[in-house]
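Structure record follows, encoded as structure tokens.
Numbering of residues begins at 1 and proceeds along the displayed sequence. Being a predicted model, the structure only gives us computed values, none of them experimental.
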Amino acid sequence: FKFFMQASKLSDYISSLNDAKENVFVAKEQQKQTKGSFNQIKERYFQCKQQYDALINTEKQEHNIKNWIIAEKWMRYNEEAGKVNRYEDKVQRAQSKVTKGKEQLQRLRDDMNKKMEIAMNAKNELQKKQSASEKYITPINGLKAKMAKLDSERKNMGRNASSKRKFVDQSRRKIRDYQKQYDQCVKQLQNDERGRKLAQLQRQINDGTQKLNQYRNQREPLQQKSEKTIEMKDNEDKLNRRMNDRHSKQNEVSGLQSQLSGVSQQNHRSELFADPQMKFRHITVRQIRAELQRYRSKFSRPPIGPLGEYIKMVPDQDSNKLNRHIQIVQGVLKNTLYSFLVNTRADLELFKKIMRNKFRYVPPALQWDYQDRPFQIEANVFDGYRTRDADGPIIRVVDMFTVKDNNPWIYNAIITNATPERVYAHGTLNGAKRLLQELDQHKLKRIANIMTYREERLYVVKRKGSTVSGNPIRSTNPILQSDTSQFKAWLNQELSRATNELTVINQNINELRRFVQQSKQQTQ
């Protein structure tokens, strides 16, 4: 403060103010003493007034200086606040990038797990195909040995044909030479003196022509045999290739048939909810529906059920994985699967009354007001959450199944009654416990429990306070089904295509075998 007063020269002004006050006081005393000296007092007054005005200006300047200091501090504050806002924006952008990076990493891990699973399946299929192909190795090796023998015979015939061809060329050259000598002799001989030499040349020409004709007669069957051998070799190569094609196609047909058999077994499984003879104690679903049909007009909306009939599992090619998902969904939905759904409280009371009067028993029933739009459930708590590869992904139970025809009334009733959107499935028992221990309170409030899917038994894991416990639950027979109609139609289409191709390959193999047999008979 002293430094500020000295720098702004306010200390001098304050001392001047004190002097002025003292002068005013002295002037007042002098006025009292000298009342007659008005002019002197007036001049003194103007001097004091000038000093007072100077002092007032000094106070105004001091006030302005304070305002300037405050303005400077506000300017600095606004500048620092802008920097802080920019830093916060950068931090938020960095956090969003980190979140996106975690999501991308999780997606990459999921893709990698899927690819590893596909690779393992392909490896197992390859091993099966190799074991199945061993029985074809011996006949193929026999065919290869026969092919090598025929190839050597073909090469020998080619060498023989080459030597014969050289002999023919030499004979032709000799014939041309003899013809030249003959022409020369004809020109030179004008009489019978050299007839003997001409006759000798004529005999040589005739002998060469006869030998050439004999060679041509011998060469034609050899050439035909060589051509037949080459054709037989090509047919055997084609036969081997088609045999390999048939083996691959047979493996493809076997794989499609096994997949189709698995889907058929799933569809021929105990179709509990689709069976009108399913019983609630001593009454069947058909009897319940018939009684409800009689009183259909008395309900605000006809009851439907059991709700398990409208639940379809998300299909999966791995039957073991699908069965485990079915057990998890059945363990979460429980009695909801066997319940009928009514619209209002009055409909519920009417339902109970009808069942009690007719059957002396009331099947399980739920009441939920009809709605034509499904609930918007909250986002998955573990979206972008990084887990260990050994523990597997985290799957929400509500994502394991769908509702037939996307019926919003049934969907909303199931969500309200069983809350499958708050139940998750994850890896092993230890992995699920470790996951719950790592979660904060905000996420724990949005999770009911976690169920395991990589244990021999099914466990439900819960956390209460700092204690995490896992209890086994009884396994049930899989009664829910997945909608495999499209997958089954595709399998049938692929199986028909592969079967037709296999038939064509077998026809080609039979034709090639007949050609090879004919070629062998002709070359013998």
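I328 and T452 make their closest contact through CD1-O, 3.9 Å (heavy atoms, listed as atom of the first residue, atom of the second, distance).
The CG atom of N343 sits 10.0 Å away from the CD1 atom of I304 when rounded to the nearest 0.5 Å. Summarising the geometry, atom CG belonging to D347 is positioned 12.5 Å from atom NZ belonging to K352; distances are rounded to the nearest 0.5 Å. If you take NZ on K353 and CG on L348, they are separated by 14.0 Å, rounding to the nearest 0.5 Å. With rounding to the nearest 0.5 angstrom, the CZ atom of R289 is 12.5 Å from the CZ atom of R296. The CZ atom of F401 lies 7.0 Å from the OH atom of Y411; values are rounded to the nearest 0.5 Å. Going from atom NZ of K321 over to atom CZ of R454 covers 8.5 Å, rounded to the nearest 0.5 Å.
Checked by atom type and distance alone, the side chain of W409 pairs as donor or acceptor with a backbone atom of W368 at under 3.5 Å. In this structure, the side chain of N506 does not engage the main chain of R246 through any donor-acceptor pair within 3.5 Å.
Residues N323 and Q327 bring no donor and acceptor atom of their side chains to less than 3.5 Å of each other. Residues D369 and Q367 bring a donor and an acceptor atom of their side chains to less than 3.5 Å of each other.
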Requested in this report: Given side chain to side chain contact (heavy atoms under 4.5 Å, CB included), test R463 with I450 step by step and report yes or no.
Outcome: CA-CA 9 Å; R463 175 177 172 181; I450 293 180; over 6 Å; no

Query - Step-by-step salt bridge (Lys or Arg N to Asp or Glu O under 4.0 Å) determination, E501 to R497 - result: CA-CA 6 Å; E501 292 178 355; R497 176 193 57 78; 3.2 Å; yes

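Note: F351 and F340 have tilted aromatic rings, judged against thresholds of 30 and 60 degrees for the angle between ring planes.
A salt bridge links R294 with E291: the distance from a Lys NZ or Arg NE/NH1/NH2 to an Asp or Glu carboxylate oxygen falls below 4.0 Å.
Test V461, I395, V332 against M451 for side chain to side chain contact (heavy atoms under 4.5 Å, CB included) and you get one pass: V332.
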